[in-house]
Amino acid sequence: MTTAEQIKPFAIRALKELYDVDLSESELTVTPTRPEFEGDYTLVLFSFVKQIKKSPEHLGKEIGDCLVKMSPEFFRSYNVIKGFLNLTLSDSHWINFLKENFSDNKFGVIAPVGNKVVVEYSSPNTNKPLHLGHLRNIFLGWSISEILKAQGNEVVKTCVVNDRGIHICKSMIAWQLFSNGATPESANTKGDHFVGDYYVKFNEELQKQKNDLIANGMNKEEAEKETPVMKAAQQMLLDWEAGKPEVIDLWKKMNGWVYEGFDTTYKRIGAGFDKMYYESGTYLLGKKFVEEGLKLGVFFKKEDGSVWIDLTAEGLDQKLVLRKDGTSVYMTQDLGLAEEKYRDYHYDQSIYVIGDEQNYHMKVLKLIMEKLGKPYADGIYHLSYGMVELPSGRMKSREGTVVDADDMVDEMAAVAKQKTEELGKVKDFSQEELEELYDTIGLGALKFFLLRVDPKKKMVFDPEESVDFHGFTGPFIQYTYARIRSILRKEDITDESKVFIDDTATPLLNLEKQLIISLEQFPAMIQQAAEEHNPSVLAIYVFNAAKLFNTFYTEHSVLNAESAGKKQLRLQLSIMTANIIKTATALLGIRVPERM
RNA sequence: GGUCCGGUAGCUCAGUGAAUAGAGCAACUGCCUUCUAAGCAGUAGGUCAUUGGUUUGAAUCCAAUCCGGAUCACCA
């Protein structure tokens, strides 16, 4: 039980005894006292001042007296400032909390409760490599999965690969035209980049052919459709759907190259999936929904044979669910896939990590499921995130301003290497250990940078700022961890000394207590992050905790403490801080080094 | 035009009913014979887009306005 939860029943009892008013716990505001005031926890008095008709100051005094009288061993003292009753708890309360929890390296993590969640993230197209936007998606998806696990959910990480369609045909056409049979191996290029290069070549060729046609007097829209390359791509898509063997073979070959490239990247950044879905295998599944929906009267057919749903009553538009030629659209596929996922996992919740440009689409998807009476409709949740922009504005592939994921990771590791060498603290590391450290730090910086912002909001990625490893950054937190580990390496903590804190540990100093109170908040922070589907809650929390530890560290010595009791207390504080940093960063997908 | 999201320090972001609005970066001052200075302490920097309303109390809730973005495809 948290301290705030322990205080509330006392306050409720006091209010009942003093004024005969009944209040529930949710009507009380109890928060950690701001550092600039004296006290540990604060009861906000304003909310019931009206009901009781006494001045806040008067109320505070009476309640404070009553609480101290009720349980002097819990409440040590109080003060009232304006409408705030600041309570100071006994040192033994804090020391007991520390004693019971400091060695628990799963502090804040809840055992499974049987709730099943499917998280879909990454979901790349197979015609080009991953970029910075994908990284935000992947880190978010991974992190929210881990956070939900820590809250007792069983999580299945899934990835839906968009492996079919006109985009991959474009790369295939360009490869046929320009490659002379080149492979990623022969070109010494990572597979996804290799295929992406042909996608670029396709567009270059398209532009060229288009300009020729326009020069010959054709208008723009017509020219786009009439170019030989575009016609070839369209034809290839038809051949693919018809299952033409040589097209399928080429498609498999090129997608294989892309997957090899993706796997390398996923492995490097520490992402992974329990289950892969391929659109080529699921894109037809949604069609049976159309019949079902028509039978139920949820969908209707227009004269030309196309099928729609009317959502005007919900304030939305009419939405197409099947083309007049009987082929499926994006929505049809997503309906089928949702059903497929449910059949595979019988989830309670299905989270889609998808950019906010698809808010409308996801809203419609959920609504259609509800109208069809699907039991899983309620569990559909769109974890919508904003675009990543550059200081110069939006990333545009046409202008070549897209930041490539692999380049980004390499660059961050390179910066980590350079800074590590400048500082020269790990000269005894082997080459292998160094490489691992650079990746740990570089990726830590990148992940933290992308996760520290509220997912809903679009964010600006400033390359200059991202390579700064000071302040509100991943390396700052990693550094704090390494610092603590350095202390603990010097001290062999035996089982007996682990729990024994003698009287010389008290009175608790300000920073000692502040740190304990900060550590105590961790489980509530995981819960909040899970409820809000927002990893930035943890990023901000762990930064503040690390910051507070660093202040404490410079003010008070752990190993050369004033007394044996103080030393034990501070060792336990250090251990618990390290445990929490390790858990919190792991929930963000960030590793922490023993030394750096 | 409809719908949704956003506007807080020079920049990037916290804070969504409570105390004197906070961090980081950038600028400026200090602190390494003492547990890792990727650190710590300090100075300076704000009409919380604007106007009106609700409230004991508003950056936070409501309304209107201004500015920015997304979306409203028989594309995915």
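Computed from a predicted model, the values in this text were never measured in an experiment. A, B, ... follow the sequence lines: proteins, then strands. Residue 1 opens every chain.
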Next item on the list: Could you tell me the separation between the CE atom of A/Met362 and the P atom of B/C5, rounded to a whole number of Å?
Entry: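 After rounding, the gap between these two atoms is 17 Å.
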Item checked: Nucleic acid contacts - residues 25-39 of chain A versus RNA chain B, non-hydrogen atoms under 4.0 Å -> A/Arg34, A/Phe37
Next item on the list: Just jot down the salt bridge (Lys or Arg N to Asp or Glu O under 4.0 Å) partners of A/Glu62, sequence neighbours excluded, or say none.
Entry: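 Only A/Lys54 meet the salt bridge (Lys or Arg N to Asp or Glu O under 4.0 Å) criterion with A/Glu62.
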Note to self: Taking side-chain hydrogen bond (donor to acceptor under 3.5 Å, both in side chains) as the cut-off, I'd like each qualifying pair that reaches into residues 460-473 of chain A, sequence neighbours left out, listed once.
What the structure shows: A/Arg452-A/Glu465
Write down the protein N/O and nucleotide N/O pairs, taken from nucleotides 11-13 of chain B, whose separation is under 3.5 Å; answer none if there are no such pairs.
unit_1, atom_1, unit_2, atom_2, d
B/C13, OP1, A/Val460, N, 2.7

Restricting to pairs with a member in [range], which pass salt bridge (charged side-chain N to carboxylate O under 4.0 Å, His left out), not counting sequence neighbours?
{"range": "residues 565-582 of chain A", "answer": "A/Glu491-A/Lys567, A/Glu512-A/Lys566, A/Glu512-A/Arg570, A/Glu562-A/Arg570"}
{"range": "residues 303-330 of chain A", "answer": "A/Glu314-A/Lys371"}
{"range": "residues 40-49 of chain A", "answer": "A/Asp40-A/Lys513"}

Next item on the list: Please list every stem that involves RNA chain B, where a stem is a run of 3 or more consecutive Watson-Crick or G-U wobble pairs with both pairing distances under 3.5 Å.
Entry: B:1-7 with B:66-72, B:10-13 with B:22-25, B:27-31 with B:39-43, B:49-53 with B:61-65
Pairs under 3.5 Å (N/O, protein and nucleotides 72-76 of chain B):
unit_1, atom_1, unit_2, atom_2, d
B/C72, O2', A/Asp317, OD2, 2.6
B/C74, O3', A/Arg323, NE, 3.4
B/C74, O2, A/Lys324, N, 3.3
B/C74, N4, A/Asp304, OD2, 2.2
B/C74, N4, A/Ser306, OG, 3.2
B/C75, OP2, A/Arg323, NE, 2.8
B/C75, OP2, A/Arg323, NH2, 2.8
B/A76, OP1, A/Arg323, NH2, 2.8
B/A76, OP2, A/Arg323, NH2, 3.2
B/A76, O3', A/Glu279, OE2, 3.2
B/A76, O2', A/Asn162, ND2, 2.7

Item checked: Protein-to-nucleotide contact annotation, 5' to 3' order, nucleotides 56-64 of chain B [B base; S sugar-phosphate only; - none; under 4.0 Å, heavy atom] -> B--------
Margin query: I'd like to compare against my own output: the B/S/- annotation of nucleotides 26-35 of chain B with a strict under-4.0 Å heavy-atom distance to protein.
Written below: ---------B
Check: So what does A/Asn127 touch, heavy atoms closer than 4.0 Å: a base, only the sugar-phosphate, or nothing?
Finding: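 Answer is nothing: A/Asn127 stays at 4.0 Å or more from every strand.
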Checklist line | Under the side-chain hydrogen bond (donor to acceptor under 3.5 Å, both in side chains) test, residues paired with A/Glu435 that sit two or more places apart | finding: A/Gln431
